[in-house]
Structures are given as C-alpha cells and as structure tokens.
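Take a look at the structure below.
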Amino acid sequence: MTEPSKLPHRGVPEHQPQAGGIAARARAAAGAPQYLSGLNPEQREAVETLDGPVLVLAGAGTGKTRVLTTRIAHILSQGRARPHEILSVTFTNKAAREMKLRLGQMLGQAVEGMPWLGTFHSIGGRILRTHAELVQLKSNFTVLDVDDQVRLLKQLLQAENIDDKRWPARMLAGLIDSWKNRGLLPQQVPSGEAASFGNGKGGKIYATYQERLKILNAADFGDLLLENIRLFRENPDVLRSYQNRFKFILVDEYQDTNVAQYLWLRLLSQAPSRPGRALSEVIPGDVTSPRLRGEVGAQSAPGEGESPQTELAEAAPHPDPLPVKDGEREKSPPKNICCVGDDDQSIYGWRGAEVDNILRFEHDFPGAKVIRLERNYRSTGHILAAASHLIAHNEGRLGKTLRTEDVDGEKVTVTGSWDSEEEARAIGEELEELQRAGENLNDVAILVRASFQMREFEDRFVTLGLPYRVIGGPRFYERAEIRDALAYLRTINSPADDLAFERIVNVPKRGLGDATVQMLHDHARKKRIPLFEAARAVVETDELKPKARGSLRDLVMQFDRWRAQSEVTSHTELAEIVLDESGYTEMWQKDRSADAAGRLDNLKELVRSMEEFENLQGFLEHISLVMDRDGEAGEEAVSLMTLHSAKGLEFDNVFLPGWEEGLFPSQRTLDEQGRAGLEEERRLAHVGLTRARRRAKIYFATNRRIHGTWSTTIPSRFLDELPAHNVEITESKGGSGWGGSGGYGASRFDNLESFGSSYSTPGWQRAQANRNRGGGGRSGGFEERQSSFSSGHGKHGPLVIEGELVAKSTGTVSEFSLDDRVFHQKFGYGHVVKIDGNKLTIAFEKAGEKKVVDSFVERV
DNA sequence: ATATTGAGGCTTTTT
DNA sequence: GCCTCAATAT
C-alpha cells in the first residue's frame with residue numbers, strides 16, 4: 001500500500017495464543033521502541049498520541065497504514081491495552097488482512113490475538129451473532145446479498161399489488177439500503193421519504209421487509225450495522241460491556257464512513273456510563289446538517305428548500321443512539337479513538353459515505369487532535385503537483401498540501417485521440433514499449449471511470465497478446481453457480497431460509513415451475529410455515545399434478561437425507577454429496593456452453609475453500625462477508641480496473657483513459673449530485689493520479705461509443721485544471737494523425753471542431769469494422785469473458801478465483817491443434833502452424849502468417 | 001414448463 | 001450494442 005515496511009523484525013519465535021502473548025512480546029521487543037525510529041515527526045505524533053480523540057489526515061501515499069499498525073504495536077508495547085481490548089475497523093477485508101499481516105511482521109507472529117481487527121460488517125456481524133436473540137434473530141442467521149434482497153422485495157411488492165415495473169424492487173432495495181446507511185429504522189424514516197416510493201407504501205414495505213427478515217432468520221448487509229445500533233440502544237448493559245472492553249478504537253478510511261457507521265462508532269467510543277445513566281451528548285443534535293457532502297465549507301445555503309438534503313435535515317434529525325433523558329446528561333470524555341482518513345479520497349458518497357463525518361470530526365469529538373500527514377513517499381514531483389493542483393479546485397475540503405522530496409520525474413502526459421479505439425491502440429503501444437524497456441507489467445495499471453471502457457482495452461490486449469488482468473468484477477460468491485451451491489447448503493443448514501430454497505427448487509430443472517412455487521407460497525403463508533415445510537405438507541396432498549408432486553417429494557426426501565448426513569459427515573464431504581446427488585454438477589457437465597468448465601472449477605474451488613472452516617455453520621457465516629481472498633500473484637500482467645477499485649493501490653505507471661466530459665466527470669453524477677458530485681469526481685481524478693509512482697498518462701478521445709452509439713465528446717474539464725507546468729501534451733501514437741497542436745488556449749483541448757463530424761474518417765471506419773468483430777461468440781459480461789479464457793483447462797488451476805475476477809490472456813492450453821483450418825474475422829481463412837499457449841501462429845490464405853490469440857479465430 | 005423473441009435500461013460498488 | 005426481464009409461442 002505504501003512503502004515497504006522498514007521496521008525491524010523483532011520476532012519472538014514461539015506462538016502463544018493467549019491474550020497476553022502478543023502484548024508481552026511487543027513489550028519485550030520495545031525496550032527502546034525501535035518501531036518508531038523509521039517514522040517522520042507527524043507519523044510519530046500520530047502513533048504516540050494515545051489519549052483522547054485523534055484524527056489523522058493522511059494524504060495519498062503518506063504512510064497511513066503504517067501509522068495505524070505502528071500505533072497498535074505501540075499501544076500493545078506500552079501495555080496500555082491487550083490485543084482483545086483494541087477495536088480496529090477497516091472497510092475491506094483486504095485492508096484488514098493487510099493490517100494483520102503488517103502487524104504480524106512488526107510483532108513477529110501471526111496476529112491471531114487481535115480478535116477485533118476486521119471490517120465494520122464482520123465485527124458488527126460478530127457482535128450481532130453473540131446477542132442475536134436480542135434483535136429477534138438466531139445466532140446462525142443468514143447474511144443476504146443484494147440478489148436475495150431484491151427477490152424478497154419483489155415478493156413483498158407483489159403482495160402489495162404494486163406494479164414493479166413502475167416501482168422496481170431494485171430501486172426499493174437501494175432506498176432501504178440508503179435508509180440503513182443513515183441509521184434509520186423503519187419508524188424513523190421521514191414520512192416524506194417513506195412515501196416517495198410505491199404510492200406511499202415504501203415505508204410500510206420497509207417495515208414488512210424487516211419483519212420478513214426476522215422470520216427468515218436473515219439480515220442484510222445494512223442490518224449488520226443498523227441492528228447492531230438498535231441492539232446497543234435497546235440494551236445499555238450490552239453496550240456498556242463493549243465500551244468497557246474496547247480501550248482503544250482505530251478506524252481506517254474514516255472519510256468513507258456512513259451515518260450508521262458513525263453512530264456505531266460514537267456509541268462504542270463513549271466512555272462507559274454507569275448503569276441507569278444515559279449517554280452524554282452522544283450525538284450533537286444537528287448531525288444531519290444541510291451542508292452534507294460537497295456543500296461543506298461553502299455557504300450552507302440553508303434557505304434552499306429544494307435540496308433533498310435540506311429537506312432531510314429538517315424532517316429527520318439523526319436519531320440519538322441512546323435516548324438521553326433530561327437531567328441525566330453528564331460530560332464524560334470520549335474514549336481513545338483514532339480515525340485515519342483523507343477527505344480528498346472520499347469517493348463513495350453515492351454509496352452513503354458521508355464526507356461530513358471527517359469534516360466535522362473536531363466538532364463531534366471535542367478536544368480532538370488533528371494531525372496532518374503531508375509527506376508523500378510515493379509519487380514524483382510532477383505527478384504530485386498535478387494531483388494537488390487539481391484537487392485544490394474542490395471547496396469542501398480540510399486542506400492538505402502534499403509534498404515530496406522525490407525528483408520531479410516525468411511530466412504527466414495528456415494525449416488526445418480520435419476515438420476510443422485509437423486510444424486503446426495508443427495505450428497498447430505504450431505498454432509494449434514499457435515492456436520492451438524492461439518494466440514489470442505488474443507495476444502498470446489502466447484505470448477507467450466506468451467498466452464498459454474495459455472491453456476496448458481487453459480487445460486490444462488480446463490482439464496484442466499482452467497479458468492483463470481485470471480486477472474487480474463480480475466476486476466469487478456472487479457467481480450464479482456459487483450462489484446456487486450455497487443455496488443448497490443454506491437450505492440444509494436452515495430450513496426456514498425460503499430464499500435459498502426457492503432459488504434451487506427448480507435448479508437443475510425438476511419440472512417445478514412458477515405455478516408450483518406459487519402454490520407453495522400460498523400454502524406457506526396460510527399456515528405460517530417456511531416454504532420447505534409447506535413443500536413437505538403439500539406432497540402429502542393431491543393438490544399438485546402427479547409429476548410435480550413426485551419430484552417435489554423426491555426433493556424433500558433428499559434434503560431430509562442430507563440433513564441427516566450433515567450430522568455424521570464432514571461439511572466438505574456433504575457439499576460434494578449434495579452437489580452430486582442434486583444433479584447440480586451434472587447440469588453443468590451437460591452444458592455445452594463455453595463457461596461450463598469454468599463454473600465446475602469454481603464449484604471445486606468452493607468445496608476446497610470450505611476446508612478452512614470448522615463446520616458448515618462457520619463456513620456459511622463467513623462466506624458472504626469474507627470470501628474475497630486475493631488471487632495468487634500469478635504471472636506478470638497489466639492491471640485493468642476502475643478508479644474506484646484502485647484506491648489504496650499504487651503502480652509505477654498509471655494510464656488514465658477517457659477523460660472526457662460526460663464520462664469523467666460522469667454526466668449522471670453531475671445531474672444527480674450537482675456540485676457535490678463534481679467534487680467527488682474530482683477526488684476520483686485525484687485518486688487516479690496519486691496511484692502513480694513514476695508516470696501518469698492521461699488520455700481523451702474525441703469520439704466514443706456509449707451504449708452502442710457514437711458520440712462526439714469534449715475533453716474533461718479536469719484537464720484544464722491541471723497545472724500547465726507539470727503537464728506535457730503529446731501526440732497520440734495510435735496513428736491516424738490527431739495532430740494535437742498543443743496550444744494552450746481558453747481551453748487547450750477544445751480545438752476539436754476541426755474534426756467536424758465526418759463519418760468517413762479512417763477512425764470511424766475502423767471502428768465500424770471492429771464492431772462486428774469478436775467472432776467465435778467471445779463477448780459478454782465479466783463472467784463470460786473470464787470463462788472464455790479459462791474454459792476447459794484445469795492444468796493451470798482455476799484462473800480466477802478468490803474473490804476478484806482475474807481474467808488472463810495467457811496461460812491456458814489452446815483448444816486448437818496444428819493444421820486446424822480456422823477463420824478469423826479480419827484475416828479470413830488459414831491454418832494453424834504453431835501453438836504457444838493461447839497464442840496461435842496462423843498462415844492465412846490471404847493475409848499471410850500472423851500471430852493471433854485463439855479467442856479470435858474459430859475452427860471451421 | 002420451457003424455449004424464443006421483443007422492449008427497455010444503462011456509473012462507480014469496499015460489505 | 002449488449003444484457004436482462006417479461007410476454008409470447010410451442
């Protein structure tokens with residue numbers, strides 16, 4: 001994440017699992033706290049200021065993670081707390097893992113002894129399971145993902161007779177999620193908002209949804225926090241026990257916290273109150289101020305009643321985590337909470353993150369010490385200057401000035417091209433150049449604003465045979481086959497899990513269609529029993545046609561058998577049995593489509609991953625929260641990802657294509673969020689630039705195909721916001737002569753009129769020609785793309801996996817053999833003369849001998 | 001109960 | 001243009 005740890009490795013060999021182990025070791029290692037010696041003064045202050053609230057404003061590349069981990073080490077070594085008394089929260093599992101790893105390096109052992117280091121959600125979930133009965137759940141509750149949520153909501157909408165065309169379930173899911181992000185229980189949703197969906201029924205359905213979740217013994221992601229807050233509010237003694245336990249609280253990426261997370265932290269960070277006493281000033285009354293994101297720092301515009309935020313502020317003041325009774329207010333100092341973040345890297349506002357949280361930290365935690373980390377150890381001078389100058393255009397920020405002692409390095413380049421295809425071509429060439437120059441491709445990334453931009457690059461890289469990996473597609477457990485398999489296991493584990501049962505009742509096809517499921521639903525509702533029990537009851541009657549009745553009976557019997565078996569066999573074995581006996585594996589084996597093999601691999605991987613858990617229960621508890629282990633490093637490859645997923649990463653060479661108005665900044669964000677949106681986009685640009693260590697290269701195209709139609713675009717306003725001194729305008733090497741004159745004018749980039757709208761230009765024609773390319777049916781969403789590379793070969797192991805989609809262009813065994821006659825969209829017919837992995841050398845009848853990648857030809 | 005065709009709809013996505 | 005979902009035909 002930042003520079004490699006240079007901390008002395010003071011290992012103590014033997015591993016003691018007890019609580020005291022790490023602390024003792026840390027203390028022993030700390031006669032003179034050497035771990036402090038590599039820190040600069042600000043970092044050191046951030047580490048050593050243990051008492052009272054601390055906000056560390058850590059700009060990009062300033063050693064944020066290092067401060068956090070060192071601080072933990074310091075707390076332990078000073079004997080201020082034992083490992084289980086430190087609450088340390090991150091947003092991602094990846095960040096949590098990273099911290100554990102670094103801590104381990106620092107303290108010389110794996111950090112099993114830090115039980116409360118994890119993501120908001122996993123810690124929230126853990127607390128919730130411990131006290132599940134207090135929030136009307138059982139400790140083995142299921143964590144639903146978005147898909148399950150939407151399906152459940154769809155049912156509720158139907159029950160309410162709401163046209164789900166006009167009021168899509170997905171939209172309601174988003175709405176409910178946003179309410180939960182803001183810490184609002186159904187009865188707390190402002191009535192105006194509650195009524196805004198489904199002819200006034202939105203709020204009611206939210207309430208019903210929550211009730212249904214309890215019946216299903218399930219919680220969604222939002223509940224992991226919201227129900228936790230409710231738990232604390234309704235059970236002060238429980239809250240107190242956690243307040244007592246956590247002597248120190250550390251929060252990573254504080255700028256990304258939403259209101260619910262904020263409330264949760266506030267509750268825990270309050271000094272424990274005596275029994276019977278309410279918390280003091282838990283929440284300042286005006287937390288939801290009109291000046292939410294982006295309006296900050298500027299005039300708050302309180303009179304502007306049109307703004308939804310303003311409306312919200314008046315309608316829904318933040319709920320007090322604990323109701324404060326009059327006369328019981330009492331000042332008690334907030335606990336030792338340390339939040340680390342960077343307001344300039346807040347890019348998840350649209351997901352409920354509240355930049356305001358970080359901006360008003362000092363107000364929320366009186367007496368807070370604010371420490372700025374401004375020494376950047378990552379980027380060269382020009383890059384840093386460009387990024388800083390750009391972000392300075394934002395108004396709602398706390399303000400930091402990043403500086404570096406590094407050399408100026410190369411200027412940031414800006415390159416225009418005729419269209420997006422040429423852009424990909426130009427970048428492809430530069431990549432090859434870097435490769436020839438001996439750069440490690442692992443240190444090269446292409447960061448796009450929107451994932452649809454990736455396709456063009458993939459096409460290009462495949463043609464060039466340049467190894468790349470896509471980072472960030474659907475997660476492992478979001479894949480259909482994984483979710484199906486999990487649904488089987490969930491149904492076994494928890495017979496009341498209707499959503500799981502419904503998912504697999506007719507997968508594979510058993511002749512149990514909509515009609516059957518509908519009748520099961522009716523039956524279940526009437527008798528108030530789970531679907532599965534309804535199924536058991538219904539097969540005893542003759543309400544179903546013999547055929548459906550037979551297969552439903554078989555299914556019920558199978559589940560009974562599997563449940564019995566689950567008592568005596570290991571969970572991995574059980575999974576294999578279930579996948580086999582249910583016919584699920586067979587279904588994919590029979591499937592002739594290209595990705596079937598990849599899916600089977602994924603299923604195997606799933607079973608393999610189960611081994612790490614004690615039992616089925618433990619596995620299911622973790623799967624939806626922490627199933628994102630990193631893929632193995634694999635071979636050298638360029639990384640292709642969105643700007644969002646690049647946060648926290650760094651690369652020597654960073655390519656930033658698509659800097660055009662409408663795309664970046666995104667028109668939609670501008671429309672929906674106005675200036676706040678623009679500022680968030682600008683932060684995104686800042687994040688992009690600051691990922692680069694040595695070279696940052698920006699691109700824009702004059703023509704881009706969006707949703708299938710070509711449109712002419714104008715260069716991003718962000719380009720004009722870059723400091724001329726640190727930027728170099730270059731010509732596209734992609735060919736077709738975009739002779740960017742480079743003149744700095746009112747806008748340096750607006751000399752586009754000269755290109756007019758000619759639809760007969762080479763670029764356009766080339767784009768046309770390419771449109772129908774992708775022969776061999778190679779196209780499709782992430783999943784299919786992934787599988788088109790991985791299909792059919794287990795030799796190299798599943799290519800992806802673990803969490804992130806990692807498509808690769810090399811490393812598979814070709815399905816072609818020598819002398820096969822093949823067809824290529826562009827080059828026509830030919831035959832294979834050489835095979836090298838997935839790269840084929842083909843002698844084309846017309847075009848001569850060419851090297852191509854196998855996915856671009858088909859056997860004829 | 002399932003295969004096929006047509007009408008909208010589209011960003012970003014840590015959990 | 002490409003994918004998903006829902007209405008149609010088999």
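To find a chain, count down the sequence lines: A is the first, B the second, and so on, and within it residues start at 1.
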message = Assess, by modelled atom type and distance only, whether the side chains of A/Gln453 and A/Glu423 contain a donor and an acceptor separated by less than 3.5 Å.
response = no
query = Out of B/dC10, B/dA1, C/dA6, which has the shortest distance to the side chain of A/His707?
reply = B/dC10
note = With A/Phe141 as partner, the option from A/Leu216, A/Leu224, A/Val135, A/Asp223 fulfilling side-chain contact (heavy atoms from CB on, under 4.5 Å) is A/Leu224
inquiry  = Does B/dA1 have OP1 or OP2 under 4.0 Å away from a side-chain N or O of A/Thr516?
reply    = yes
key: Flag side-chain contact, heavy atom, 4.5 Å: A/Val89 against A/Trp264   = yes
inquiry  = By the 4.0 Å heavy-atom rule, please label A/Ser666 as base, sugar-phosphate, or nothing.
reply    = base
request  = Kindly point out which of B/dT12, C/dA6, B/dT13 is positioned nearest to the side chain of A/Lys154?
outcome  = C/dA6
task = Please check if any side-chain donor atom of A/Asp220 sits under 3.5 Å from a side-chain acceptor atom of A/Tyr209, or the reverse.
result = yes
query = What is the distance from CG of A/Asp163 to C1' of C/dC5, rounded to the nearest Å?
reply = 14 Å
ask   = So what does A/Tyr348 hit on the nucleic acid, given a heavy-atom distance under 4.0 Å: a base, only sugar-phosphate, or nothing?
value = base
remark   = To the nearest angstrom, the CZ-C1' distance between A/Arg682 and B/dT12 comes to 18 Å
inquiry  = Among residues at least two apart in sequence or on other chains, which ones pass salt bridge (Lys or Arg N to Asp or Glu O under 4.0 Å) with A/Asp177?
reply    = none
key: B/dT15 OP1/OP2 closer than 4.0 Å to side-chain N/O of A/Thr92   = no
query = Any N or O donor-acceptor pair linking the side chain of A/Arg668 to the base of B/dT12 at under 3.5 Å?
reply = no
ask   = For A/Thr90, which contact category applies under a 4.0 Å heavy-atom criterion: base, sugar-phosphate, or nothing?
value = nothing
key: Separation of B/dT12 P from A/Asp177 CG (nearest whole Å)   = 17 Å
ask   = Tell me: CG of A/Leu640 to P of B/dT12, nearest whole Å?
value = 13 Å
key: Residue A/Phe221, side-chain heavy atoms: nucleotide from B/dT12, B/dA1, B/dT15 that is nearest   = B/dT15
task = Quick one: pull up CZ in A/Arg704 and CG in A/Asp419 and give me the separation to the nearest 0.5 Å.
result = 9.0 Å
request  = Return the value, rounded to whole Å, for the distance between atom CZ of A/Phe91 and atom C1' of B/dT12.
outcome  = 16 Å
inquiry  = Name the residue from A/Leu265, A/Asp343, A/Val340, A/Asp342 that meets the side-chain contact (heavy atoms from CB on, under 4.5 Å) definition with A/Tyr254.
reply    = A/Leu265
query = Which whole-number value in Å describes the distance from A/Asp147 CG to C/dC5 C1'?
reply = 13 Å
key: Partners meeting side chain to side chain donor-acceptor pair (under 3.5 Å) with A/Trp167 (sequence neighbours left out)   = none
N/O contacts under 3.5 Å, protein versus nucleotides 2-6 of chain B?
residue, atom, partner, partner atom, Å
B/dT2, OP2, A/Asn506, ND2, 3.1

note = Of A/Ala515 and A/Leu684, the one whose closest nucleotide on DNA chain B sits nearer the 5' end is A/Ala515
ask   = From C/dA6, B/dT13, B/dT15, pick the nucleotide closest to the side chain of A/Lys165?
value = C/dA6
ask   = Roughly how many Å is it from CZ in A/Arg455 to P in B/dC10, rounded to a whole number?
value = 19 Å
note = Separation of B/dT15 atom P from A/Asp220 atom CG, nearest Å, is 16 Å
request  = Tell me which nucleotide among B/dT13, B/dT12, B/dA1 gets nearest to the side chain of A/Ser645.
outcome  = B/dT13
